[in-house]
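Every number for a ligand or one of its atoms is a count from 1 in the order of the listing. All values below were derived from every heavy atom in this structure, side-chain atoms included, with hydrogens, water molecules and symmetry-related copies excluded.
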Amino acid sequence: MPADVTMDKIVSLCKRRGFIFPSSEIYGGLGSCWDYGPMGVELKRNVKNAWWRTIVQERDDVVGIDTSIMMHPEVWKASGHVDSFTDPLVECKSCHLRWRADEIENQKCPQCGGELTEPRMFNLMFRTFMGPLEETASTVYLRPETAQGIFVNFENVVTTSRKKLPLGIAQIGKSFRNEITPGNFIFRTREFEHMELEYFVKPGTDDGWLDYWVKQRLDWYMSLGITKENLRLRQHGKDELAHYAKDCYDVEYLFPMGWSELEGIANRSDYDLTQHAKHSGKDLSYYDGQDGERYVPYVIEPSAGVDRSVLAFLVDSYHEEVVEGGNRVVLRLHPSLAPMKVAVLPLSRNERLAPLARDVYRRLCSSFMADYDDSQSIGRRYRRQDEIGTPFCVTVDFESLQDNQVTIRERDSLAQIRLPLEELDEALRAKLSGEAFDATTLWATREK
Ligand code: ATP
């Protein structure tokens, strides 16, 4: 993380440029809830698409699924969430603020130094009622993870996909946790999105697959531009493992508040399928035709937070620098994550420029997320595009009317070249699809 990045700067940029707003802001906001604005929704969708592409689209051993947020209440008894998905809660006897006991160091209230109550276990699942009767029999939970929707569909997917193990089932969707101490912007919220893969394997091969997925996941973050030095792995100690886990690694990122979990990669053993078989009475074992054996598969689970990933990508790409005698803030987002791929900027609002500039925009926006901006000075408009991480700006000027060429400015190198209009679409496509994104060398090749 560059030394000058603070959470305040990220929050302020997100507000200023339409990435993320406090939820229900006109009513004073709602604790730990956030809304994604026009830029944020694109960034978030791009993160999810990048994950789906790597995990599902580019593999023949993983399929996708999209399951219901509300599930049969027995699911959460079987999974252990009703009994064990708890955090130890303490309350300050003076100011009555509540804290997670395992996050407090000196057993005094972090707010006022007051004495704390004995810890009691607090279940993190949100409860609600299905149907018009508010009674215990109709209690349902908002899922705290998407994983259980995958486990209860294991048999459906194996049967209908006609695939053999090892087989992964992936899901992206909302999860809800009534966190005792949410905070740090979108790092810990009570409503968030999960990107989860449950990878079913033959028992005995699970340790190897855990190592495999740890490496895959680290590579994924780095392939999208996260700095290697800002990532590290932490293996869970035996006393720290969740009730279902045989082994677990956290991928940690150096957030502004310090090293914190970005993703968990767990070996869930055969815990979940065994539990669901027991509670549902259905046989969830798998017949391995190749080895002529029947077994309950083990599961390796890379589980990432969409919002936490968005935060890591924002923090890692945030740079303040002095260029051309002025300060600029730039998000050096990987082009596949950038909300806008290209901005079309007529040099001025002169009415002679508008038709051509509009025409260029219309042509580009069928291929790319493109922005059109003719307000304020060109310098200010470049500044805005830098702050939202737009890789390329296309400027239409008076010369363009004569020679049918436009100027392209590259976000990171600030290199500018002129290009015939008919080559624009193809040139942008080539640059934006480049696996290794190095605009300086791409431009250099062309200039030769
Ligand atoms: P933590 O220790 O931070 O509470 P966890 O270990 O309970 O997280 P998991 O259950 O492993 O988290 O969930 C996997 C991922 O989901 C986390 O690494 C994180 O990216 C994301 N996540 C979990 N809880 C939240 C939350 N309250 N807000 C935002 N993202 C979350």
Side-chain angles (χ1 to χ4, degrees), residues 7 20 23 30-36 40 44 47-48 51 55 76 79-81 84-89 99-103 121-126 142-151 170-199 210 213-214 217-218 220-221 226 231-237 239-255 257-268 271-272 299-315:
M7 196 67 96
I20 300 167
S23 175
L30 176 65
S32 104
C33 293
W34 299 91
D35 295 341
Y36 286 77
K44 190 181 185 192
V47 168
K48 290 190 276 189
W51 186 89
I55 298 288
W76 306 109
S79 69
H81 282 81
S84 307
F85 194 58
T86 51
D87 276 340
L89 171 84
W99 307 94
R100 249 174 79 169
D102 55 335
E103 285 180 347
M121 294 320 267
F122 173 76
N123 195 295
L124 300 184
M125 282 197 294
F126 278 96
L142 303 188
R143 68 180 178 200
E145 60 179 30
T146 68
Q148 298 305 325
I150 295 177
F151 297 130
Q171 166 152 238
I172 298 178
K174 288 262 180 177
S175 292
F176 302 83
R177 297 181 181 183
N178 201 0
E179 301 276 2
I180 298 169
T181 44
N184 284 318
F185 194 31
I186 53 171
F187 177 84
R188 187 184 302 285
T189 51
R190 294 188 171 118
E191 172 182 344
F192 60 96
E193 270 185 283
H194 259 139
M195 306 185 278
E196 296 194 298
L197 167 67
E198 308 303 322
Y199 195 75
L210 179 63
W213 279 108
V214 165
R217 296 304 302 140
L218 279 172
W220 184 77
Y221 288 106
I226 296 272
L231 287 170
R232 73 178 189 195
L233 268 184
R234 193 180 69 79
Q235 188 174 16
H236 281 209
D239 54 337
E240 189 192 355
L241 286 172
H243 61 274
Y244 51 75
K246 178 182 156 194
D247 197 358
C248 186
Y249 287 88
D250 284 350
V251 175
E252 294 189 334
Y253 178 74
L254 185 54
F255 286 99
M257 66 280 187
W259 288 101
S260 313
E261 177 181 336
L262 176 59
E263 166 162 353
I265 305 163
N267 180 345
R268 293 182 79 125
Y271 177 85
D272 301 274
V299 178
I300 307 303
E301 177 197 66
S303 171
V306 177
D307 315 76
R308 241 179 239 189
S309 301
V310 165
L311 183 59
F313 286 120
L314 284 168
V315 168

Per-atom contacts, ligand 1 versus [X] - under 4.0 Å to a heavy atom:
| X | result |
| --- | --- |
| Glu179 | 24 (N), 26 (C), 27 (N) |
| Gly264 | 18 (O) |
| Gly305 | 15 (C), 16 (O), 19 (C), 20 (O), 21 (C) |

Any nitrogen or oxygen of [X], main chain or side chain, under 3.5 Å from a nitrogen or oxygen of ligand 1?
| X | result |
| --- | --- |
| Ile186 | no |
| Arg190 | no |
| Ala304 | no |

Protein contact of [atom] - nearest heavy atom, named by residue and atom, plus distance:
| atom | result |
| --- | --- |
| atom 29 (C) of ligand 1 | Phe187 O, 3.1 Å |
| atom 1 (P) of ligand 1 | Arg188 NH1, 3.5 Å |
| atom 11 (O) of ligand 1 | Glu261 OE2, 3.5 Å |
| atom 7 (O) of ligand 1 | Arg177 NH1, 3.0 Å |
| atom 15 (C) of ligand 1 | Ser303 O, 3.5 Å |
| atom 22 (N) of ligand 1 | Phe192 CE1, 3.5 Å |
| atom 20 (O) of ligand 1 | Leu262 O, 2.8 Å |

Practice problem: Please identify each residue that fulfils salt bridge (charged side-chain N to carboxylate O under 4.0 Å, His left out) with Arg177, with sequence neighbours left out. | Solution: none

Locate the shortest heavy-atom distance separating [X] from [Y]; write the atom from each residue and the value.
| X | Y | answer |
| --- | --- | --- |
| Gly305 | Met195 | O-CE, 4.2 Å |
| Ala312 | Phe255 | N-CE2, 3.8 Å |
| Trp51 | Leu197 | CZ2-N, 4.0 Å |
| His243 | Gly80 | NE2-CA, 3.9 Å |
| Lys246 | Leu241 | O-CD1, 3.6 Å |

Quiz prompt | Per atom 13 (O) of ligand 1, closest listed option by heavy atom (Glu263, His194, Arg100) | solution =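 Closest candidate by heavy-atom distance is His194.
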
Practice problem: Only heavy atoms count here, so choose which of Leu311, Thr189, Asn178 is nearest to atom 27 (N) of ligand 1. | Solution: Thr189

Quiz item: Considering only heavy atoms from C-beta outward, does the side chain of Arg143 approach that of Trp76 to under 4.5 Å?
Solution: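 They are in side-chain contact.
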
Quiz item: Which one of Glu193, Glu191, Glu196 satisfies the salt bridge (Lys or Arg N to Asp or Glu O under 4.0 Å) criterion with Lys174?
Solution: Glu191

Self-check item: Pairing residues for Asn178 by the side chain to side chain contact (heavy atoms under 4.5 Å, CB included) criterion, not counting sequence neighbours
Solution: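 Asn178: side chain to side chain contact (heavy atoms under 4.5 Å, CB included) contacts with Phe122, Phe126, Arg190.
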
Quiz item: Any idea how Phe313 and Tyr221 line up, ring-wise: parallel (<30°), tilted (30 to 60°), or perpendicular (>60°)?
Solution: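 It falls in the tilted class, 30° to 60°.
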
Quiz item: Looking only at heavy atoms of Asp307, does any of them come nearer than 4.0 Å to an atom of ligand 1?
Solution: no

